[in-house]
> 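Mind having a look at this structure? Questions to follow.
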Amino acid sequence: MDWLQLFFIHPLSLYQGAAFPFALLFNYLCRKDSFSTCARYLFLLAGGGALALAAMGPYAALVFIPALCAVALLCSLGPQEVHRWAFFFQMSWQTLCHLGLHYTEYYLQEPPSMRFSITLSSVMLLTQRVTSLSLDICEGKVEATSGGIESRSSLSEHLGKALPYFSYLLFFPALLGGPLCSFQRFQARVQGSSSLCPRHSFWALTWRAVQILGLECLKAGMWRVVGAGAGLTDCRQLECVYVMWATAGLFKLTYYSQWILDDSVLHAAGFGSESGQSPGEEGYVPDADIWTLETTHRISLFTRKWNQSTARWLRRLVFQHSRIWPLLQTFAFSAWWHGLHPGQVFGFLCWAVMVKADYLIHAFANLFIKSWPMRLLYRTLTWAHTQLIIAYIMLAVEVRSPSSLWLLWNSYNSIFPMTYCVLLFLLAKRKHEFN
């Protein structure tokens with residue numbers, strides 16, 4: 001259970017908690033007329049640099065270097081080519097970092113340092129911001145500042161144009177976690193005055209603190225249950241189903257708690273959902289919609305609501321630009337973005353098949369199940385099946401190693417995704433009848 005212990009007590013939460021008072025300070029300073037726009041950019045950038053050095057140590061260079069290179073690309077390339085080069089560079093850099101993790105885990109057989117793991121997480125979030133910004137420039141949503149090399153402007157003017165980009169890529173409220181904040185929203189918050197009512201903000205943050213406390217208590221109870229029982233290595237038959245469900249529940253509680261904490265830091269800094277929204281600006285999307293995730297009977301809906309901002313980013317970056325097999329390409333890219341560990345490759349490809357089967361199964365059911373008692377029974381069964389399939393996928397992605405993946409594959413838990421695979425095969429032949 002060593003991998004669970006690492007997941008249960010994570011320093012990432014401590015560093016995010018340490019960033020919280022500085023987020024409040026930034027929001028307070030934004031109320032002061034003397035706190036200029038340039039000073040705000042510098043405050044967020046300096047905070048990001050300090051947080052990176054504190055959380056990552058020398059590995060912080062793995063975040064600073066691609067951020068600096070990304071800004072150089074954004075300022076020197078035209079709108080039509082900036083996204084292609086920014087995407088290629090950032091994903092290449094991230095892949096090299098993940099290969100270093102593979103070398104440590106699989107070749108040296110050593111656990112990676114916690115600082116390096118935090119750095120990898122930050123690099124993945126940096127990839128989101130770089131590609132989101134480059135897409136905004138390519139699509140004309142953000143005005144490009146290209147032509148820097150050919151321009152006769154002074155160095156100070158170049159630095160002034162690059163400062164908003166550099167600050168956005170490294171601003172401390174989103175450096176270690178949090179929903180993807182678009183550059184438009186970031187710029188509107190920095191350039192405008194703070195729109196948060198102190199009283200409203202206090203109650204919103206208090207509610208988030210209550211949620212985190214409740215989730216942590218549930219997680220402590222679930223930890224005792226999982227730690228006291230059998231694991232995948234020594235469970236038998238149907239007992240493995242319970243082990244899978246309980247372990248996945250622990251993972252989900254950890255994600256929920258971390259997402260709400262990340263959202264709280266963004267909200268405290270003035271980038272949250274209650275802030276005002278400028279015309280044409282992309283809406284704020286929190287990552288945790290716990291009620292929907294725990295009550296839905298649709299795998300496809302769970303997929304859209306799980307880590308919502310990342311799901312939207314993947315849809316915009318990959319799905320909407322794919323002409324052939326967009327669903328498969330999106331999940332394949334997600335496996336690449338997460339690091340291409342064996343469990344991740346298997347888990348995300350399995351997830352893609354489950355979503356495809358989900359569409360066909362529910363389309364078929366909507367045609368043939370009419371009475372409300374049958375619909376109630378259908379929703380109950382599909383809810384349970386959805387939760388068990390998600391638990392199966394989550395364990396495959398999180399355990400990552402080939403040996404643990406083999407144990408999961410050989411357990412009774414494989415019955416649940418295999419059932420959807422069989423239904424997908426049978427219903428695909430009749431797709432034209434109820435399309």
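Computed from a prediction, not measured in an experiment: that's the story for all the values here. Heavy-atom basis, side chains included; hydrogens, waters and symmetry copies ignored.
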> Kindly indicate whether the side chain of R315, heavy atoms from C-beta on, has any atom under 4.5 Å from the side chain of T330.
no

> If only atom types and distance count, is the side chain of Q329 paired as donor or acceptor with the main-chain N or O of I324 below 3.5 Å?
yes

> Using a 4.5 Å cut-off on heavy atoms from C-beta on, say whether the side chain of M394 contacts that of I390.
yes

> With a 4.5 Å cut-off on side-chain heavy atoms, are L169 and V130 touching?
yes

> Could you label the plane-to-plane angle of the H362 and Y378 rings as parallel, tilted or perpendicular, counting under 30° as parallel and over 60° as perpendicular?
perpendicular

> How many angstroms lie between atom NZ of K252 and atom CE of M222, to the nearest 0.5 angstrom?
9.0 Å

> Counting N and O atoms only, with roles assigned by atom type, does the side chain of S257 sit under 3.5 Å from a partner on the main chain of T254, one being a donor and the other an acceptor?
no

> Can the ring centres of F172 and F26 be said to be less than 6.0 Å apart?
no

> Less than 6.0 angstrom separating the ring centers of F186 and Y168, yes or no?
yes

> Would you confirm whether D287, through its side chain, and S309, through its main-chain N or O, come within 3.5 Å as a donor-acceptor pair?
yes

> Hey, does the side chain of Q387 reach the backbone of W383 with a donor-acceptor pair shorter than 3.5 angstrom?
no

> Okay, side chain of R208, backbone of H267: is any donor-acceptor separation there less than 3.5 Å?
no

> Working to the nearest 0.5 angstrom, can you tell me the gap between S264 OG and L205 CG?
6.0 Å

> Determine yes or no for a side-chain-to-main-chain donor-acceptor pair under 3.5 angstrom, with Q109 supplying the side chain and Y106 the backbone.
yes

> Tell me yes or no: between the side chains of T131 and W313, is some donor less than 3.5 Å from an acceptor?
yes

> Hey, does W336 have a side-chain heavy atom less than 4.5 Å from the side chain of M91?
yes

> Take Y242 and L238, measure what side-chain contact (heavy atoms from CB on, under 4.5 Å) needs, and give me the verdict at the end.
CA-CA 7 Å; Y242 171 76; L238 293 179; over 6 Å; no

> Using ring pair (Phe, Tyr, Trp, His ring centres under 6.0 Å) as the criterion, list what pairs up with W207, not counting sequence neighbours.
none

> Taking the ring centre of each residue, are Y255 and W259 less than 6.0 Å apart?
yes

> Should we say atom CZ of F22 is surrounded by more than 12 heavy atoms from elsewhere, each under 6.0 Å from it?
no

> So, does E105 use its side chain to make a donor-acceptor pair with the main chain of P112 at under 3.5 Å?
no

> Measure the shortest side-chain to side-chain distance between T295 and R379 over non-hydrogen atoms and say whether it is less than 4.5 angstrom.
no

> Above 12 or not: heavy atoms from other molecules or residues under 6.0 Å from CZ of F425?
no

> Testing the basics here: between W351 and I299, what is the closest heavy-atom pair and its distance to 0.1 Å?
NE1-CG2, 4.2 Å

> Testing the basics here: between H297 and D358, what is the closest heavy-atom pair and its distance to 0.1 Å?
O-OD1, 4.3 Å

> Considering all heavy atoms of both residues, which atom of Y15 and which atom of A54 are nearest to each other, and what is their separation?
OH-O, 3.3 Å

> When you look at F302 and I393, which way does the side-chain contact (heavy atoms from CB on, under 4.5 Å) test go after all the steps?
CA-CA 12 Å; F302 184 98; I393 294 171; over 6 Å; no

> Assess whether side-chain contact (heavy atoms from CB on, under 4.5 Å) is satisfied between I65 and W93, documenting all intermediate values.
CA-CA 10 Å; I65 293 173; W93 182 271; 3.7 Å; yes

> For C240, which residues count as a disulfide (SG to SG under 2.5 Å) partner, sequence neighbours excluded?
C235

> Is there a donor-acceptor pair closer than 3.5 Å between any side-chain N or O of R224 and the backbone N or O of A220?
no

> In sequence, state the C-alpha distance, the side-chain angles, and the governing distance for W337 and Q128, and then conclude on side-chain contact (heavy atoms from CB on, under 4.5 Å).
CA-CA 10 Å; W337 180 67; Q128 286 190 342; 3.5 Å; yes

> For D136 and F183, which heavy atoms make the closest approach, and how far apart are they?
OD2-N, 4.3 Å

> Please confirm whether F348 and F333 have ring centers closer than 6.0 angstrom.
no

> Ring centroid separation for H341 and H102, is it under 6.0 angstrom?
yes

> Which heavy atom of S134 sits nearest to which heavy atom of H83, and what is that distance?
OG-ND1, 2.8 Å

> Any sub-3.5 Å donor-acceptor pair from S121's side-chain atoms to S117's backbone N or O?
no

> Taking the side chain as everything from C-beta on, heavy atoms only, tell me whether L424 gets closer than 4.5 Å to K356.
yes

> Looking at OG of S132 and CD1 of I137, how far apart are the two atoms once the value is rounded to the nearest 0.5 Å?
10.0 Å

> Testing the basics here: between H385 and F416, what is the closest heavy-atom pair and its distance to 0.1 Å?
NE2-O, 3.0 Å

> Report yes if some heavy atom in the side chain of L120 is under 4.5 Å from a heavy atom in the side chain of H98; otherwise report no.
yes

> Thinking salt bridges, do D289 and R304 make one under a 4.0 Å N-O criterion?
no

> As an exercise, state the distance from OG1 of T127 to CD of Q90, rounded to the nearest 0.5 Å.
3.5 Å

> Looking at R40 and V190, would you say the former's side chain and the latter's main chain have a donor-acceptor pair under 3.5 Å?
yes

> Are any non-hydrogen side-chain atoms of L423 and F364 less than 4.5 angstrom apart?
no

> Between CH2 of W223 and CG of L253, what distance do you get to the nearest 0.5 Å?
13.0 Å

> How far does CG of L376 sit from CH2 of W372, to the nearest 0.5 angstrom?
6.5 Å

